[in-house]
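What follows is a short report on a single structure.
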Amino acid sequence: MQLEGFPSNLVDADYERGSVSLGIDGSVYPLDALYATAFSFIDRFYVLIDRTAADRYQVILSPKNGGLDEAKARTAVGEFAAELLACSWRQQIARENRPLIEAVTMRALGGAMGPPSLDDLANFDFSKEEFDDPLGIAVSWEEKYKKQKEGAPAEKAPAGEGSSS
Amino acid sequence: MTELRLHQALYSRPAVEQARGLYADYAAVDLGEDGEHWVLRISSDDPARERAVSGELANSALGITVEGRGQS
């Protein structure tokens with residue numbers, strides 16, 4: 001039986017059997033997205049997926065509790081279609097950003113492994129590392145307050161800096 | 001008797017067999033093949049139980065298949 005608001009060639013409701021079926025185009029919605037969507041419905045529905053052609057699937061939904069009327073059938077089909085679209089979109093985003101996600105994850109895991117060892121520090125080439133130092137914090141005291149030229153007094157160090165008690 | 005047809009390309013055999021084992025105590029479940037489908041024949045004295053076992057078995061087979069694909 002045709003369901004109002006949905007294409008008759010894609011959606012069919014059988015109120016006597018208490019089920020509604022939905023045709024899925026496999027070239028539009030990935031199979032993994034279909035699995036994920038179907039899995040999310042098994043708490044409220046009995047879900048059956050069938051393959052009707054090379055790239056076409058059929059999903060049959062039957063509510064676990066209570067019968068099926070037109071309103072429930074429309075809600076079920078609408079929610080399933082919306083979730084299937086969301087799952088497909090999420091998978092596409094993950095697929096397109098996989099290298100970035102992996103790089104960020106590896107850096108996060110690397111940071112969680114703790115501070116570098118003495119060997120790591122000894123092998124690290126600080127001269128090649130570029131980083132911003134607007135406050136001159138990374139500059140050594142000697143380099144910061146060294147004499148500018150022969151005979152010229154060095155820049156006076158602030159009181160308390162470099163003094164020993 | 002209720003017949004449940006699960007497409008072999010969508011439901012793995014281990015998942016179907018595992019799901020069948022889960023509900024063996026609740027109804028008689030026979031497993032066979034017909035072309036591209038696994039065919040499960042569920043029998044019980046209670047029609048409501050037959051429907052429930054059939055539906056839950058299908059859901060379980062789906063869930064186990066999805067877990068096997070690493071998606072759940």
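We use all heavy atoms of the structure for the numbers below, so side chains are in, but hydrogens, waters and symmetry mates are not. Just so we're on the same page: letters track the sequence lines, and every chain starts at 1.
More than 12 heavy atoms of other residues, nucleotides or ligands shown are found within 6.0 angstrom of CG on Leu109(A). Glu4(A) CD: 12 or fewer foreign heavy atoms inside a 6.0 Å radius. Crowding of Glu16(A) atom CD: a count of heavy atoms from other residues, nucleotides or ligands under 6.0 Å not exceeding 12. Crowding of Asp120(A) atom CG: a count of heavy atoms from other residues, nucleotides or ligands under 6.0 Å exceeding 12. The environment of CZ in Arg17(A) is sparse: at most 12 heavy-atom neighbours from other residues, nucleotides or ligands sit within 6.0 Å. Dense packing is recorded around CZ of Phe6(A), with more than 12 heavy atoms of other residues, nucleotides or ligands lying under 6.0 Å away. More than 12 heavy atoms of other residues, nucleotides or ligands lie within 6.0 Å of CE in Met1(B), so this atom counts as buried by the packing criterion.
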Leu62(B) vs Leu48(A), side-chain contact (heavy atoms from CB on, under 4.5 Å): CA-CA, chis, key distance, verdict: CA-CA 8 Å; Leu62(B) 175 64; Leu48(A) 189 67; over 6 Å; no

Verdict with reasoning, Gln8(B) to Arg51(A), per side-chain contact (heavy atoms from CB on, under 4.5 Å): CA-CA 9 Å; Gln8(B) 294 181 4; Arg51(A) 191 181 202 178; over 6 Å; no

Candidate pair Arg5(B) and Asp50(A), rule salt bridge (charged side-chain N to carboxylate O under 4.0 Å, His left out), full reasoning: CA-CA 8 Å; Arg5(B) 301 173 67 85; Asp50(A) 197 15; over 6 Å; no

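Atom-to-atom distance recorded for Tyr57(A):OH and His7(B):NE2 is 9.0 Å, nearest 0.5 angstrom. Rounding to the nearest 0.5 Å places CD of Glu67(B) at 5.5 Å from CZ of Phe39(A).
Neither the backbone nor the side chain of Ser60(B) comes within contact range of chain A, judged by heavy atoms closer than 4.5 Å. Contact of Phe45(A) with chain B is made through the backbone alone, with heavy-atom distances under 4.5 Å. Neither the backbone nor the side chain of Glu36(B) has a heavy atom closer than 4.5 Å to any heavy atom of chain A. Residue Ala52(B) touches chain A through both its backbone and its side chain, counting heavy-atom pairs closer than 4.5 Å.
The hydrophobic cluster containing Val11(A) also contains Val28(A), counting ILVMFWY residues as joined when their side-chain heavy atoms lie under 4.5 angstrom apart, directly or transitively. No chain of hydrophobic side-chain contacts below 4.5 Å, direct or via other Ile, Leu, Val, Met, Phe, Trp or Tyr residues, connects Ile93(A) to Ile101(A). Follow the hydrophobic side-chain contacts under 4.5 Å out from Val59(A) and you reach Met1(A) in the same cluster. When the side chains of ILVMFWY residues are joined at heavy-atom separations under 4.5 Å, either directly or via intervening members, Leu34(A) and Leu85(A) end up in a single hydrophobic cluster.
The two atoms that bring Pro63(A) and Arg51(B) nearest to each other are O-NH2, 3.3 Å, heavy atoms only.
Taking the side chain as every heavy atom from C-beta outward, Asn59(B) and Asp43(A) never approach each other to under 4.5 Å.
Side-chain atoms of Tyr11(B) come within 3.5 Å of backbone N or O of Ile49(A) as a donor-acceptor pair. Judged by distance alone, the side chain of Tyr46(A) and the main-chain N or O of Leu57(B) form no donor-acceptor pair under 3.5 Å.
Under the side chain to side chain contact (heavy atoms under 4.5 Å, CB included) criterion, Glu17(B) pairs with Arg13(B), Leu31(B), sequence neighbours left out.
The interface of residues 69-79 of chain A with chain B, defined by heavy-atom distances below 4.5 Å, is empty.
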